[in-house]
**Student:** 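Have a look at this one before I ask anything.
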2 protein chains.
Amino acid sequence: MICNSYERFFKTLAEPAKLNIINLLSKGPLNVSQLSKKLNFEQSRASHNLKALADRHFVIVERKGKERYYSLDKTIIIPILGLIDAHVEKYEKHYCKCKGIPWRKKE
Amino acid sequence: MICNSYERFFKTLAEPAKLNIINLLSKGPLNVSQLSKKLNFEQSRASHNLKALADRHFVIVERKGKERYYSLDKTIIIPILGLIDAHVEKYEKHYCKCKGIPWRKKE
DNA sequence: AATTCATATGATTTGTAATTCATATGAACG
DNA sequence: CGTTCATATGAATTACAAATCATATGAATT
């Protein structure tokens, strides 16, 4: 009945592994091995997660020889997280005091 | 490491049941029984889901006698879904042709 | 073309979260 | 104050998605 695009969209982001990948890629593109190493992820775990993110167009793949470099499509992620930041700050700032989210521009 | 506010936020929305509730409440406030009946939800299922939505401040509760009326906090949901609509339309319009999402303003 | 390196894929296992079932709370009303 | 109606809560079950493990693909290199 309801369009399941929303479900797919949210489900893809509702997980620490993928959020950590997004966080890491916000600093620059990486190939699968680099990313696996940095996050201590099994190779296939990284692959599966990256595929899911790519399917929803949250990340972009670029082949370079045997390697595949993944980079963040910031046009969707940044605005979304911005809205959430505002919402969370409005209601949860008293018990969620984490700072230094890299992609969040402090003004 | 990463702030888990995002995870909680997305996880709460990454489910058909809750998205259907949001869709329904976008048309106006309802109490638990009304909502259960409309969505063919077990009473406790509705309760549990509504509680989760209320915990994240996606819905607002108001008591009226024995009943509790839930309404949608549109200030966060509408902009978020707007961003997703744009993203989905950009990349998925060829295979997701659902129309008439009630809260989406067509211009 | 055989080998190695980088990544993807598929099936099974595992972990987690939603639903259900049973029960508790709590307001209204006789 | 006992009963009924509306909702909430907690524990057990169930369902589903992520991680793992084994294997496949595919490009570079000799």
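Within every chain, numbering begins at 1; the chains are lettered A, B, ... in the order of the sequence lines, protein sequences first and strands thereafter.
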**Student:** Compute whether any side-chain donor of one residue and acceptor of the other, for B:Asp73 and A:Tyr91, lie under 3.5 angstrom apart.
**Tutor:**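 Short answer, yes.
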**Student:** Set out, line by line, the N/O atom pairs under 3.5 Å between protein and nucleotides 25-30 of chain D.
**Tutor:**
none

**Student:** List, with names and distances, any nitrogen or oxygen atoms from the protein found under 3.5 Å away from nitrogen or oxygen atoms belonging to nucleotides 13-16 of chain D.
**Tutor:**
none

**Student:** Within the pair A:Asn49 and D:dA18, is there a side-chain N or O less than 4.0 Å away from OP1 or OP2?
**Tutor:**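 No, A:Asn49 has no side-chain N/O under 4.0 Å of OP1/OP2 on D:dA18.
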**Student:** More 5' along DNA chain D: B:Val32 or A:Ala17, using each one's nearest nucleotide?
**Tutor:**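 The answer here is B:Val32.
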**Student:** Looking only at N and O atoms, is any donor in the side chain of A:Gln43 or the base of C:dA8 less than 3.5 Å from an acceptor on the other one?
**Tutor:** yes
**Student:** Look at all strands and tell whether B:Phe41 reaches a base, only sugar-phosphate, or nothing, counting heavy atoms closer than 4.0 Å.
**Tutor:** nothing
**Student:** Return yes if some donor-acceptor pair links the side-chain N/O of A:Asn49 with the main-chain N/O of A:Arg45 below 3.5 Å, else return no.
**Tutor:**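 A pair under 3.5 Å: yes.
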**Student:** Give B:Ala46 one of three labels, base, sugar-phosphate or nothing, depending on what nucleic acid heavy atoms sit under 4.0 Å from its own.
**Tutor:**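 Counting heavy atoms under 4.0 Å across all strands, no contact is made by B:Ala46.
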**Student:** So that I can tick it off, tell me whether B:Glu67 and B:Lys64 are bridged by a salt bridge, with the cut-off set at under 4.0 angstrom between side-chain N and carboxylate O.
**Tutor:**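 So B:Lys64 does not pair with B:Glu67 through a salt bridge.
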**Student:** Tell me which nucleotide, if any, is Watson-Crick or G-U wobble paired with D:dG26 when both distances must be under 3.5 Å.
**Tutor:**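 WC or wobble partner is C:dC5.
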**Student:** Going by the side chain to side chain contact (heavy atoms under 4.5 Å, CB included) test, name the single residue among B:Val59, B:Leu24, B:Leu30, B:Ile60 that passes it with B:Tyr70.
**Tutor:** B:Val59
**Student:** Is the side chain of B:Lys18 donor-acceptor paired with the backbone N or O of B:Leu53 at a distance under 3.5 Å, no angle test?
**Tutor:** no
**Student:** With heavy atoms under 4.0 Å as the rule, sort B:Tyr70 into base, sugar-phosphate or nothing.
**Tutor:** sugar-phosphate
**Student:** Output the single nucleotide from D:dT20, D:dA6, D:dA8 whose closest atom is nearest the side chain of A:Arg45.
**Tutor:**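 The closest nucleotide is D:dT20.
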**Student:** Return whichever of A:Lys18 or B:Asn31 has its heavy-atom-nearest nucleotide of DNA chain D closer to the 5' end.
**Tutor:**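 With A:Lys18 and B:Asn31 compared, the 5'-side residue is B:Asn31.
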**Student:** Are A:Arg56 and A:Phe58 in a cation-pi contact, defined as NZ or CZ under 6.0 Å from the six-membered ring centre and within 45° of the axis?
**Tutor:**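 No, cation not above the ring by the 6.0 Å, 45° rule.
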**Student:** Determine whether a donor-acceptor pair (N or O, by modelled atom type, separation under 3.5 Å) exists between the side chain of B:Gln34 and the backbone of B:Asn31.
**Tutor:** yes
**Student:** At a cut-off of 3.5 Å, list every protein nitrogen or oxygen paired with a nitrogen or oxygen from nucleotides 10-15 of chain C, distance to 0.1 Å.
**Tutor:**
from, atom 1, to, atom 2, distance (Å)
C:dG10, O6, A:His48, NE2, 2.8

